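Note sheet for the following structure.
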Amino acid sequence: MPFETSQNGDVTVIRLIGRLDSAQSPPLERALRELLDGGAGKLLLDLSALDYISSAGLRVVLLAGKALRGRKPPGRLVLAGVRGMVKEVFEMSGFLTLFPQADTHDAALAQLQAG
């Protein structure tokens, strides 16, 4: 599963593309750990190009959110573009109540930059 990482001010943006399952989750988890260990405190996960997510993918998202919340001061994670089957999985798992979300990348970025 390819993903793209970029920086917009103090916000780290990760755009997930295709599938996030048990085979593709480890590289993303390593990249997120490196970013968080490097001091990233605001994370935008752009899911608009993600077609599928498994429980292994949900675990990676949860780990990133927990790591950010455990900081002093707490970091923030916002989801952007959650749609289709991915949205259904997030709804069924209760993840949409755990993380703020926005319909678009720009709206998620605005949420993170405002706070």
Side-chain angles (χ1 to χ4, degrees):
M1 183 246 0
F3 58 90
E4 301 167 351
T5 304
S6 61
Q7 198 70 32
N8 192 318
D10 63 347
V11 176
T12 302
V13 178
I14 298 183
R15 183 171 182 259
L16 305 177
I17 303 164
R19 298 175 57 90
L20 182 56
D21 56 25
S22 61
Q24 291 82 25
S25 293
L28 177 62
E29 184 174 350
R30 280 191 298 277
L32 285 169
R33 285 186 192 273
E34 287 177 18
L35 289 167
L36 296 173
D37 289 347
K42 293 181 180 179
L43 185 62
L44 188 163
L45 287 183
D46 186 338
L47 308 180
S48 61
L50 189 67
D51 300 318
Y52 174 83
I53 190 166
S54 71
S55 59
L58 289 174
R59 178 185 161 279
V60 173
V61 174
L62 183 61
L63 288 173
K66 288 176 88 173
L68 285 165
R69 286 186 185 143
R71 292 186 171 197
K72 301 287 184 222
R76 297 181 56 214
L77 181 144
V78 176
L79 306 173
V82 184
R83 61 177 181 77
M85 187 286 265
V86 174
K87 186 169 188 166
E88 290 176 25
V89 171
F90 271 75
E91 286 173 343
M92 288 188 302
S93 65
F95 272 49
L96 292 182
T97 62
L98 297 176
F99 302 105
Q101 63 174 322
D103 290 337
T104 66
H105 173 100
D106 290 342
L109 189 60
Q111 279 187 40
L112 284 163
Q113 291 173 334

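What you see is a predicted model, and the numbers here were worked out from it, not measured in a lab.
- Between N8 and L44 the shortest side-chain heavy-atom distance does not fall below 4.5 Å.
- Among residues two or more places apart in sequence or in another chain, the side-chain contact (heavy atoms from CB on, under 4.5 Å) test is passed with A23 by D21.
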Worksheet item: Yes or no on side chain to side chain contact (heavy atoms under 4.5 Å, CB included) for I53 and L16, after CA distance, side-chain angles and deciding distance?
Response: CA-CA 10 Å; I53 190 166; L16 305 177; 6.0 Å; no
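- Applying the side chain to side chain donor-acceptor pair (under 3.5 Å) test to residues at least two apart or on different chains, the pairs with a partner in residues 27-38 are E29-R33, E29-R59.
- Considering all non-hydrogen atoms of both residues, L43 and L112 come closest at O-CD1, 3.6 Å.
- The ring pair (Phe, Tyr, Trp, His ring centres under 6.0 Å) analysis of residues 49-76, with sequence neighbours excluded, yields no pairs.
- Of all non-hydrogen atoms in P74 and R69, the two that sit nearest each other are CB-O, 3.8 Å.
- Follow the hydrophobic side-chain contacts under 4.5 Å out from L77 and you never reach L63; the two are in separate clusters.
- Residues meeting the side-chain contact (heavy atoms from CB on, under 4.5 Å) test with A31, sequence neighbours left out: F3.
- In this structure the side chain of V11 never reaches within 4.5 angstrom of the side chain of V78, judged on heavy atoms.
- L20 and S25 get closest at one heavy-atom pair: CD1-OG, 3.6 Å.
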Discussion item. L45 vs L50, test: side chain to side chain contact (heavy atoms under 4.5 Å, CB included). Steps then yes/no.
Written reply: CA-CA 10 Å; L45 287 183; L50 189 67; over 6 Å; no
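- Legend: residues meeting side-chain contact (heavy atoms from CB on, under 4.5 Å) with S55, ordered by chain and number and at least two apart, are absent.
- Of all heavy-atom pairs spanning A67 and L36, the tightest one is CB-CD1, 3.8 Å.
- Side chain of R76 to main chain of Q111: a donor-acceptor pair is present (N/O by atom type, distance under 3.5 Å, no hydrogens or angles).
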Side-chain donor-acceptor pairs of residues 80-94 under 3.5 Å, sequence neighbours excluded:
| unit_1 | atom_1 | unit_2 | atom_2 | d |
| --- | --- | --- | --- | --- |
| R83 | NE | S48 | O | 2.6 |
| R83 | NH2 | S48 | O | 2.9 |
| R83 | NH2 | D51 | OD1 | 3.4 |
| S93 | OG | V89 | O | 2.9 |
| S93 | OG | F90 | O | 3.2 |

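- Applying the ring pair (Phe, Tyr, Trp, His ring centres under 6.0 Å) test to pairs two or more places apart or on separate chains, none has a residue in residues 25-44.
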For residues 99-109, run the donor-acceptor check on the side chains, cut-off 3.5 Å, and write out each pair with its distance to 0.1 Å, sequence neighbours left out.
| unit_1 | atom_1 | unit_2 | atom_2 | d |
| --- | --- | --- | --- | --- |
| T104 | OG1 | A107 | N | 3.1 |
| H105 | ND1 | D46 | OD2 | 3.3 |

